[in-house]
K.L.:
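Can you read through this structure? Questions will come right after.
Note that the numbering runs from 1 along the sequence shown for the chain. Atom set for the values below is all heavy atoms of this structure, side chains included, hydrogens, waters and symmetry mates excluded.
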Amino acid sequence: MHYQAAASWGGYVAQRGAVVGDPLERIERLASESAVVIFSVSTCCMCHAIKRLFCGMGVNPTVHELDEDPRGKDLERALMRLLGTPSVVPVVFIGGKLVGTMDRVMACHINGTLVPLLKEAGALWL
């Protein structure tokens, strides 16, 4: 299932999409469909925190909840291969480019490079 954040308050609106192809190709396609894309698990506290971070900044990320996707396990394994780590979620793409997991996003936020990335991707205007 594909979710689009409805408002900066963190509400999500379900959107159904086609589920086809190689998992890595699907990740690449999904990651390029929106300015900010988060691959998440609905029960993960770190995933919730990263979604709140973006929503609090006024960014409306597209969120793909892997535990609610019929092929979510395949996507999770593909993300593990892509990242080279056993711990995958949350995984963030900005402007179609892989930023990484929670630690990389927070490092960008702290060192001041996250906002320019978001502006460049068209996710922020201020």
K.L.:
Hey, are the side chains of Thr85 and Met80 touching, using non-hydrogen atoms and a 4.5 Å cut-off?
P.N.:
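Side chain of Thr85 against side chain of Met80, heavy atoms only: no contact under 4.5 Å found.
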K.L.:
Side chains of Pro23 and Arg77, heavy atoms from C-beta outward: is any pair under 4.5 Å?
P.N.:
no
K.L.:
Atom CD1 of Ile50 and atom SG of Cys44: how far apart are they, to the nearest 0.5 Å?
P.N.:
10.0 Å
K.L.:
Taking the side chain as C-beta and beyond, is there a heavy-atom pair between Leu114 and Ile94 under 4.5 Å?
P.N.:
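Of all side-chain heavy-atom pairs linking Ile94 with Leu114, at least one is under 4.5 Å.
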K.L.:
Between Arg71 and Asp74, does at least one N-O distance fall below 4.0 Å, as a salt bridge requires?
P.N.:
no
K.L.:
Does the side chain of Val91 come within less than 4.5 Å of Ile38's, by heavy atoms?
P.N.:
no
K.L.:
Quick check: closest heavy atoms across Cys55 and Pro61, and the distance to 0.1 Å?
P.N.:
SG-CD, 4.1 Å
K.L.:
Compute whether any side-chain donor of one residue and acceptor of the other, for Ser42 and Glu65, lie under 3.5 angstrom apart.
P.N.:
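On atom types as modelled, these side chains do not qualify, holding no pair under 3.5 Å.
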K.L.:
Under the side chain to side chain contact (heavy atoms under 4.5 Å, CB included) test against Val36, which residue among Thr62, Leu117, Leu118 passes?
P.N.:
Leu118
K.L.:
Do Leu75 and His64 have side-chain heavy atoms sitting under 4.5 Å apart?
P.N.:
no
K.L.:
To the nearest 0.5 Å, how far apart are CD1 in Ile27 and OG in Ser32?
P.N.:
12.0 Å
K.L.:
Check this for me: does any side-chain nitrogen of one of Asp22 and Arg29 sit under 4.0 Å from a carboxylate oxygen of the other?
P.N.:
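Salt bridge flag = no for Arg29 with Asp22.
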K.L.:
Would you say that Met57 contacts Val115 through its side chain, given a criterion of any heavy-atom pair below 4.5 Å between the two side chains?
P.N.:
yes
K.L.:
In terms of ring plane angle, is the pair Phe93 and Phe39 parallel, tilted or perpendicular, where the classes change at 30° and 60°?
P.N.:
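Perpendicular.
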K.L.:
Report yes if the side chains of Leu53 and Met102 come closer than 4.5 Å at any heavy-atom pair, otherwise no.
P.N.:
no
K.L.:
Provide the closest heavy-atom pair for Val99 versus Cys108 in the form atom of the first, atom of the second, distance.
P.N.:
CG1-SG, 4.4 Å
K.L.:
Decide yes or no for Leu79 and Leu66: does some side-chain heavy atom of the first lie under 4.5 Å from some side-chain heavy atom of the second?
P.N.:
yes
K.L.:
Quick check for you: to the nearest 0.5 Å, what is the distance between Glu68 atom CD and Ser40 atom OG?
P.N.:
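Result: 8.5 Å between the selected atoms.
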K.L.:
Carefully, step by step, assess Glu28 and Leu82 under the rule side-chain contact (heavy atoms from CB on, under 4.5 Å).
P.N.:
CA-CA 11 Å; Glu28 185 179 326; Leu82 187 64; over 6 Å; no
K.L.:
Let's go through Val105 and Phe54 carefully: what are the C-alpha distance in whole Å and the side-chain angles of both, what is the deciding distance for side-chain contact (heavy atoms from CB on, under 4.5 Å) to 0.1 Å, and is it a yes or a no?
P.N.:
CA-CA 10 Å; Val105 174; Phe54 284 113; 4.0 Å; yes
K.L.:
When you look at CD of Glu76, are more than 12 heavy atoms from neighbouring residues, nucleotides or ligands closer to it than 6.0 Å?
P.N.:
yes
K.L.:
Does atom CE of Met46 have more than 12 heavy-atom neighbours, drawn from other residues, nucleotides or ligands, at distances under 6.0 Å?
P.N.:
no
